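One structure is given below, encoded as C-alpha cells.
Order of appearance sets the numbers: ligands from 1, and atoms from 1 within every ligand. No experiment lies behind these values; they were computed from the predicted model shown.
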Amino acid sequence: MTAQLNARGDVAVLVPAAGAGVRMGPGGPKALRLLADEPLLVHAIRRVAAATSVRMIVVAAPAAEVEAVRAMLAPIADVTVVAGGAERQESVSLALSAVPGEIGIVLVHDAARALTPPQLIESVAAAVRGGLPAVIPVLPVVDTIKEVGPGEIVHGTVDRSVLRSVQTPQGFRHAVLAAAHAAATDPLTDDAGLVEKAGVPVTCVPGSEFALKITRPLDLILAEALIRLP
Ligand code: C5P
C-alpha cells in the first residue's frame with residue numbers, strides 16, 4: 001500500500017543512494033541489497049514514509065537509474081528521485097535543491113540503515129523543531145578503543161566515555177544545512193561534520209539499535225532476525 005506523506009509536515013528526508021557502481025539487480029551496491037526479498041532502500045523508505053511529520057522524501061540515484069528507482073519506490077510512497085552527483089556530498093546538495101524553502105527541517109538518512117524506526121526519525125526531527133540547529137542520533141561506544149601506530153603498536157587507550165557512535169538520520173534546520181553545503185570544501189566530510197566546521201553546535205540524541213548500518217554479512221543476518229520481531 002502506498003503511504004500518504006503528511007502534506008502539512010515540516011520535514012524533508014534526503015537519501016543519497018547514487019554511489020558509483022549502483023545498478024539494479026543482484027550483486028549491486030548496499031542500498032539495493034536484498035533483506036527479506038526487498039532492497040534495503042525499500043525498507044528504509046517505508047520507515048521514513050511512516051514518520052508522521054515527513055512531508056517530502058528525496059532520493060538521489062545514479063542518473064541512469066532515476067527512472068528505475070522511481071518505479072521501485074512508487075508503490076511505497078510519493079518519493080522524489082533526482083540524479084545524484086560525483087560525490088556523496090554533491091548528491092546530498094542536489095537532493096537538497098529539490099526541497100522547497102518552506103520545509104524548515106531537513107534530515108539526511110542512509111539507505112543502509114534500513115530498519116531505522118519511524119520513532120527515531122521523529123525524535124531527531126522533534127529535537128530540531130525544539131530549537132537545535134543540528135542533531136545526530138548516537139549510541140555509546142561499547143568496545144575499548146586503542147590508538148595505534150605503525151606496526152600495530154598501541155599508543156594509548158582512548159577514554160570511551162567521551163565517544164559516540166553516530167547513526168542517521170542527521171537532522172538540520174534547512175538553512176543551516178544549505179549554508180554548510182554551500183561553504184563545503186572537503187567532499188569526504190559528513191553532513192554533521194560540515195555543519196560543525198561552520199561553527200554550528202551539533203547535539204546528540206539517543207539512537208536506536210535498530211538503526212544499525214547493514215553492510216557486513218553478519219549485519220544482514222541480524223537484520224533478518226530483527227525484521228521478524230513482532
Ligand atoms: O560510497 P559510500 O559508502 O561512501 O557512499 C555512502 C552513501 O552515499 C551511499 O548510500 C551512496 O549511494 C551515496 N553516494 C551518493 N552519491 C555519490 C556517492 C555516494 O549518493 N556520488
Side-chain angles (χ1 to χ4, degrees), residues 12-35 38-49 51 54 56-73 76-77 79-99 106-116 120-121 124 134 136-138 165-172 177-178 180-182 184-197 202 207-208 210-220 222-223:
V13 182
L14 316 182
V15 184
V22 171
R23 60 188 184 277
M24 309 301 283
K30 57 185 184 233
L32 300 179
R33 201 167 294 165
L34 295 183
L35 166 63
E38 290 183 305
L40 291 180
L41 183 61
V42 166
H43 289 282
I45 297 299
R46 188 176 290 128
R47 285 158 181 78
V48 170
V54 171
M56 184 179 198
I57 302 171
V58 188
V59 171
E65 301 284 355
V66 167
E67 279 310 322
V69 170
R70 202 171 273 152
M72 181 175 78
L73 298 176
I76 311 295
V79 175
T80 303
V81 183
V82 301
E87 306 277 354
R88 178 189 172 281
Q89 198 182 92
E90 201 190 339
S91 296
V92 173
S93 286
L94 289 164
L96 185 59
S97 319
V99 179
V106 179
L107 271 47
V108 186
H109 195 28
D110 185 347
R113 298 185 188 274
L115 300 185
T116 300
L120 182 64
I121 295 161
V124 169
I136 55 175
V138 303
S165 233
V166 180
Q167 302 181 320
T168 71
Q170 302 189 344
F172 309 92
L177 185 63
H181 271 268
T185 49
D186 171 9
L188 297 180
T189 311
D190 75 321
D191 302 283
L194 291 181
V195 167
E196 280 162 53
K197 280 192 176 170
V202 177
S208 162
F210 286 81
L212 77 160
K213 192 170 187 176
I214 304 169
T215 49
R216 301 160 303 174
L218 181 65
D219 304 325
L220 262 181
L222 196 55

Rounded at 0.5 Å granularity, tell me how far CZ in R47 sits from CD1 in I121. 9.0 Å
Look at the side chain of R33 and the backbone N and O of T215, then say whether any donor-acceptor pair between them is shorter than 3.5 Å. yes
Tell me which one of A44, G19, A83 gets a heavy atom nearest to atom 11 (C) of ligand 1. G19
Below a 4.0 angstrom heavy-atom separation, can you tell me which part of A86, side chain or backbone, both or neither, approaches ligand 1? backbone
Take every heavy atom of A17, measure it against each atom of ligand 1, and state whether any distance is under 4.0 Å. yes
I need the atoms of ligand 1 closer than 4.0 Å to a non-hydrogen atom of G85, numbered in the order shown. 17 (C), 21 (N)
Tell me which part of A18 gets within contact of ligand 1: side chain, backbone, both or neither, using heavy atoms under 4.0 Å. both
Any idea which part of R88 is under 4.0 Å from ligand 1, heavy-atom wise: side chain, backbone, both or neither? both
Under 3.5 Å, N or O to N or O, is S91 touching ligand 1 that way? yes
Is R113 salt-bridged to D219, going by a charged N under 4.0 Å from an acidic O? no
Within a strict 4.5 Å, meaning less than it, do heavy atoms of the Q167 and T116 side chains meet? no
Is a side-chain N or O of E87 found less than 3.5 angstrom from the main chain of P187, in a donor-acceptor match? no
What is the minimum heavy-atom distance between P169 and H109, and which atoms define it? N-ND1, 3.6 Å
Counting both backbone and side chain atoms, is some N or O of A60 under 3.5 Å from an N or O of ligand 1? no
